[in-house]
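Have a look at the structure below before the remarks.
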Amino acid sequence: MSARAEPAVEPTAAAGDDALRLIIEASPSAMLLVDGNGRIVLVNSEAEQSFGYTRDELLDLTVEDLVPARFRRHHDTERSAYVAHPSRRGMGLGRELYGLRKDGSEMRVEIGLNPITIGGRRFVLASVIDVTERLRGQEADAVAREDQLRRSMIDTIPFCIIATDSQGRIVAANPAAEALLGYSQPELVGRWLTEIDAVERARYADGTPALSRVGGDEAEWTYRHRDGSEVPVNEAVVPIGPENGDEGFIVVAYDITNRIEARERAEHLATHDGLTNLANRTLLLRHLDRSFDVVDRTKRHVALLLIDLDHFKRINDSLGHHIGDELLVVIAERLLAWVRRGDVVARLGGDEFVVVLDDLDPGADLEKRINQLLEVVLAPVVVHGYELAVTASIGATVYPADGDDPVTLLKHADIAMYQAKGAGRDGVKWFEHRMLDENDDKLSLSAALRQAIELGELGVVYQPQVDMSTGRMVGVEALARWTSPLLGAVPPDRFIPVAEDGGMIARLGGWVLRTACADLAAMQAEIGHPLRLAVNVSPRQLRGEAWLEEILTAIEDAGLEPWQLEVELTEGILIEDNGDVVAMLETLRSRGVRIVVDDFGRGYSSLAYLTRFPIDKIKIDRSFVQAITDEDSNAAIVDAIIVMAHALGMTVVAEGVETEVQERYLRTRVCDEVQGYRYSPGVTPSQVVLVARGLGARGA
Ligand code: C2E
Ligand code: CA
Ligand code: CA
């Protein structure tokens with residue numbers, strides 16, 4: 001016997017002893033004494049009652065006979081193991097045990113086992129408690145608790161729950177339903193479910209609402225609150241009963257106002273530009289689709305303008321993105337204020353805007369409206385104290401003549417816009433179908449230019465620059481020329497951008513520089529005194545140290561002094577720069593080369609930045625010079641530029657001088673030098689020599 005075993009009852013006599021019989025008889029539960037083979041040797045009356053056998057019948061059985069057949073084998077092995085290592089123990093806790101009655105019925109039991117040794121033999125005293133009743137009570141409790149739980153869930157759950165009969169008449173509703181709909185439960189009961197719908201439900205032929213459509217799937221729906229407002233909900237309708245709703249329906253719904261708002265916000269974000277809140281490309285295309293449909297029926301027109309701000313990148317890079325962003329916002333506001341109701345303004349990204357003028361008369365005077373646009377929208381913008389001159393290149397198209405689907409119309413507007421840029425920016429170009437060919441030309445132009453550089457079709461002409469005080473020629477500007485056997489003379493305004501885009505500008509610029517240096521050496525030898533040479537440099541040439549070396553080498557190779565070379569840059573290069581270009585120009589200048597700002601005044605109205613850069617000379621843009629038309633002209637900008645430049649110790653040259661009036665005006669304002677057709681266009685070196693002699697004779 002194991003040490004852990006409980007002290008066994010030690011009856012003084014054998015198994016049938018009276019004392020033991022009396023003890024087990026007093027027990028309220030069924031007691032069975034079983035020997036090592038499982039034979040029942042002693043029972044009490046309760047055991048007779050529980051199992052439905054007489055005492056004598058029981059004494060003929062083994063314990064296995066009192067176990068349902070399906071547990072017997074298992075029980076047998078357990079018993080053997082138990083008899084080998086008996087201990088006092090309870091069975092049935094946490095595990096379902098069954099007893100088998102004489103009549104074949106089963107009962108749930110709990111069993112307590114006690115090992116007993118009587119007269120040296122081992123027995124097991126088993127007490128068997130029929131727990132059927134107790135379990136039944138517990139189950140009832142559990143059901144009651146579950147009911148309670150279910151009820152409080154239905155009462156506290158934030159979902160609206162409504163039960164209807166098979167016809168769709170409300171029979172019950174929870175508090176959330178009351179809150180959602182604004183009716184009390186008694187008010188809801190008896191109503192048709194369709195009475196709380198804000199939208200008509202599908203109905204069967206007999207008029208009953210087709211509730212079972214949903215079959216438990218959620219769908220968006222709208223209820224009407226008692227106060228008349230609409231409540232968007234997600235609704236699931238679950239049919240009850242085997243015949244799909246023949247016992248009614250349970251409707252579960254919850255308010256999705258927030259979700260719908262969030263979805264609308266997301267939708268707005270997906271269709272609008274974050275910065276300006278204008279429509280984006282997606283919404284624009286959608287709008288065009290819709291308005292094309294309308295004008296197809298009405299035989300009216302739609303105009304689409306693609307507006308691309310000129311030189312926006314410069315503003316962004318030089319003054320910072322916040323300034324650029326504010327400029328875009330101002331332009332967006334002006335566009336919105338300019339259009340009519342029903343028109344659309346969109347931003348395609350960057351500095352590209354689209355205006356759709358909807359539903360136009362076929363004969364509408366668009367020119368007038370667009371001129372108005374140019375005036376109103378493109379007035380200077382003041383942002384953080386910077387007055388920014390705004391110009392734009394506009395590509396204009398009309399539906400259906402210029403394209404009969406949104407994407408094509410937009411593409412054609414883009415082509416027209418690029419034509420406007422090519423024509424000097426700040427203007428409108430109407431799309432024409434021949435532009436499509438020219439667009440293809442651009443690629444072939446690039447190929448032709450590449451060849452031209454190889455084949456030596458490029459040339460350089462020189463435009464004289466005249467000192468105002470002496471009237472003598474003091475320098476020349478080198479201007480590239482391209483005469484193609486196929487295309488004829490291609491102006492630099494056309495091929496320089498192609499060279500820039502095609503990655504050829506460094507080679508082209510290098511070639512112009514070397515050619516011009518060599519030509520200048522020859523020209524000044526003829527003329528008899530040194531000249532200055534101005535060379536145009538494109539922003540894309542300024543990359544890296546190589547360019548610096550190239551310049552210094554070209555000067556040296558031609559035997560010129562560094563001060564003779566003037567590098568002409570546009571304002572944008574300086575302003576866009578993050579330090580590299582300025583550092584490079586500083587180096588160049590320290591070697592004696594002079595830096596000239598070309599086209600001054602065209603990009604920025606601010607003179608203040610001049611002080612920050614290494615500049616020797618300013619070239620007044622020819623548009624200002626051309627504005628001088630008579631003696632009394634008030635060319636305030638020209639005056640300001642000259643005064644400012646002189647105050648900063650810079651030289652001023654005016655370009656595009658064509659008339660005597662212009663010359664005289666510039667002389668009174670003490671402009672240092674002039675350049676223009678009045679003196680000479682760009683000419684060959686031998687002609688430059690002739691011009692120099694003519695001027696020399698006239699001048700001093
Ligand atoms: P830019 O640097 O402003 O050159 C002056 C332009 O004005 C030249 O046009 C010149 O012929 C023109 N011009 C001169 N005097 C007058 C005048 O009295 N009235 C008018 N209306 N125009 C006058 P061009 O030669 O067609 O050159 C156009 C532009 O091409 C140049 O403008 C320059 O930006 C660029 N370019 C020319 N050669 C080169 C080059 O070798 N390299 C680079 N990067 N750009 C060049
Ligand atoms: Ca120039
Ligand atoms: Ca210029």
Side-chain angles (χ1 to χ4, degrees), residues 311 421-425 449 452-453 457-466 473 475-483 489-517 519-520 532-543 547 550-551 554 565-573 594-603 617-629 638 641 652-663 665-666 671 673-684 687-688 691:
H311 306 303
K421 288 247 187 254
R425 306 174 198 269
L449 181 62
I453 297 173
E457 290 170 18
L458 293 180
V460 186
V461 294
Y462 302 91
Q463 184 172 36
Q465 297 177 326
V466 178
M473 187 181 110
V476 291
E477 177 178 5
L479 296 165
R481 290 290 175 264
W482 176 23
T483 309
V490 183
D493 280 331
R494 251 189 103 199
F495 70 79
I496 295 291
V498 171
E500 286 175 340
D501 289 347
M504 293 173 264
I505 191 65
R507 269 178 58 215
L508 190 153
W511 179 83
V512 169
L513 175 72
R514 283 186 298 277
T515 307
C517 283
D519 282 346
L520 190 85
R532 279 194 302 265
L533 169 69
V535 174
N536 293 288
V537 173
S538 145
R540 304 207 198 168
Q541 275 173 268
L542 295 185
R543 301 205 176 128
W547 178 71
E550 195 172 17
I551 286 188
L565 187 71
E566 293 182 336
V567 171
E568 286 197 7
L569 306 158
T570 51
E571 297 165 79
I573 300 175
R594 291 157 55 91
I595 313 295
V596 181
V597 180
D598 202 355
D599 302 342
F600 188 83
R602 199 191 281 181
K617 190 170 181 178
I618 287 174
K619 195 176 234 187
I620 301 176
D621 189 63
R622 61 177 178 274
S623 60
F624 299 114
V625 175
Q626 259 137 32
I628 304 168
T629 50
V638 172
I641 293 172
V652 183
V653 52
E655 70 177 344
V657 180
E658 294 178 359
T659 66
E660 198 190 339
V661 168
Q662 290 163 348
E663 182 187 295
Y665 184 93
L666 290 163
C671 181
E673 293 168 17
V674 280
Q675 173 184 349
Y677 293 165
R678 174 160 171 76
Y679 314 98
S680 167
V683 290
T684 61
Q687 288 169 310
V688 169
V691 171

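In this text, all values refer to a predicted model and were calculated from it rather than measured experimentally. Because only heavy atoms are used, hydrogens play no part in the values below, and waters and symmetry mates are left out as well, while side chains stay in. First listed ligand is number 1; within each ligand, the first listed atom is number 1. Residue numbers start at 1 and run along the sequence shown.
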Next item on the list: Among all protein heavy atoms, pick out the one at the shortest distance from atom 30 (O) of ligand 1; state its residue, atom name and that distance to 0.1 Å.
Entry: P492 CB, 3.5 Å
Margin query: Against R532, only a single residue in Q465, E477, E566 fulfils side chain to side chain donor-acceptor pair (under 3.5 Å); can you say which?
Written below: E566
Margin query: Please give the atom name: the N, O or S atom of D599 nearest to the Ca ion (ligand 3).
Written below: OD1
Next item on the list: Decide yes or no for V661 and T629: does some side-chain heavy atom of the first lie under 4.5 Å from some side-chain heavy atom of the second?
Entry: no
Item checked: E655 (side chain) donor-acceptor with V674 (main chain) under 3.5 angstrom -> no
Margin query: Pairs of nitrogen or oxygen atoms closer than 3.5 Å, one from A480 and one from ligand 1: do any exist?
Written below: yes
Next item on the list: For the Ca ion (ligand 3), find the closest N/O/S atom belonging to E655 and write down its atom name.
Entry: OE2
Next item on the list: Using only N, O or S atoms, tell me which atom of E568 is closest to the Ca ion (ligand 2).
Entry: OE1
Check: So which heavy atom on P681 is nearest to which on P464, and how close?
Finding: O-CD, 3.8 Å
Notebook entry, point to check: Which residue from Q463, E658, Q541, R481 reaches closest to atom 21 (N) of ligand 1 through any of its heavy atoms?
Noted result: E658
Next item on the list: Name the option, out of W482, Y677, Y679, that contains the heavy atom nearest to atom 23 (C) of ligand 1.
Entry: Y677
Margin query: Quick test of your reading of the structure: of P464, A499, S538, whose heavy atom lies closest to atom 44 (N) of ligand 1?
Written below: S538
Next item on the list: Record the part of D598 in heavy-atom contact with ligand 1 below 4.0 Å; permitted values are side chain, backbone, both and neither.
Entry: side chain
Margin query: Nearest 0.5 angstrom please: T684 OG1 to R481 CZ, how far?
Written below: 12.0 Å
Next item on the list: Identify the residue among V653, D598, I641 that makes a side-chain contact (heavy atoms from CB on, under 4.5 Å) with I618.
Entry: I641
Check: Is there a side-chain contact between L666 and V657 (heavy atoms, below 4.5 Å)?
Finding: yes
Next item on the list: State the atoms of ligand 1, each with its element, that fall below the 4.0 Å cut-off from a heavy-atom position in V512.
Entry: 41 (O)
Notebook entry, point to check: Pick one: which of V683, D519, L479, L520 meets side-chain contact (heavy atoms from CB on, under 4.5 Å) with Y462?
Noted result: D519
Notebook entry, point to check: Shortest non-hydrogen contact from Q662 to G656?
Noted result: OE1-O, 3.9 Å
Note to self: Under a 4.0 angstrom heavy-atom cut-off, which atoms of ligand 1 come close to E477?
What the structure shows: 2 (O), 4 (O)
Margin query: With heavy-atom distances below 4.5 Å as the criterion, would you say the side chains of Y679 and E663 are in contact?
Written below: yes
Notebook entry, point to check: Considering only the protein, which heavy-atom contact is closest to atom 29 (C) of ligand 1, and what is its distance?
Noted result: D493 OD1, 3.5 Å
Next item on the list: Could you tell me the residue and atom name of the protein heavy atom closest to atom 42 (N) of ligand 1, and the distance to it rounded to 0.1 Å?
Entry: N536 O, 3.5 Å
Note to self: Which atom name does E477 have for its N/O/S atom nearest to the Ca ion (ligand 2)?
What the structure shows: OE2
Notebook entry, point to check: Salt bridge or not for R622 and E658, using N-O below 4.0 Å?
Noted result: no
Check: Any idea which atoms of ligand 1 are less than 4.0 Å away from a heavy-atom of Q626?
Finding: 19 (N), 20 (C), 21 (N)
Next item on the list: Report yes or no: does R678 have a heavy atom closer than 4.0 Å to ligand 1?
Entry: no
Check: Hey, what do you get for CD1 (I620) to CD (Q675), rounding to the nearest 0.5 Å?
Finding: 12.0 Å
Next item on the list: Please confirm whether G656 comes under 4.0 Å of ligand 1, counting heavy atoms of the residue only.
Entry: yes
Margin query: When you compare the side chain of E457 with that of T483, does any pair of heavy atoms fall below 4.5 Å?
Written below: no
Checklist line | Protein heavy atom under 4.0 Å of atom 9 (O) of ligand 1 | finding: no
Note to self: When you measure from the Ca ion (ligand 3) to the N, O or S atoms of D621, does any of those distances fall below 3.0 Å?
What the structure shows: no
Next item on the list: Return yes if a side-chain donor-acceptor contact under 3.5 Å exists between S538 and Q541, otherwise no.
Entry: no
Note to self: Students should be able to answer this: which protein heavy-atom is nearest to atom 7 (O) of ligand 1, and at what distance?
What the structure shows: R622 NH1, 2.9 Å
Check: Tell me, which protein residue and heavy-atom name are nearest atom 31 (C) of ligand 1, and how many Å apart are they?
Finding: L479 CD2, 4.5 Å
Notebook entry, point to check: To which protein heavy atom is atom 3 (O) of ligand 1 closest, and what is the distance rounded to 0.1 Å?
Noted result: D599 OD1, 3.3 Å
Notebook entry, point to check: Is ligand 1 under 4.0 Å from a heavy atom in the side chain of Q675, in the backbone, in both, or in neither?
Noted result: neither
Item checked: Proximal heteroatom of D598 relative to the Ca ion (ligand 2) (N/O/S) -> OD2
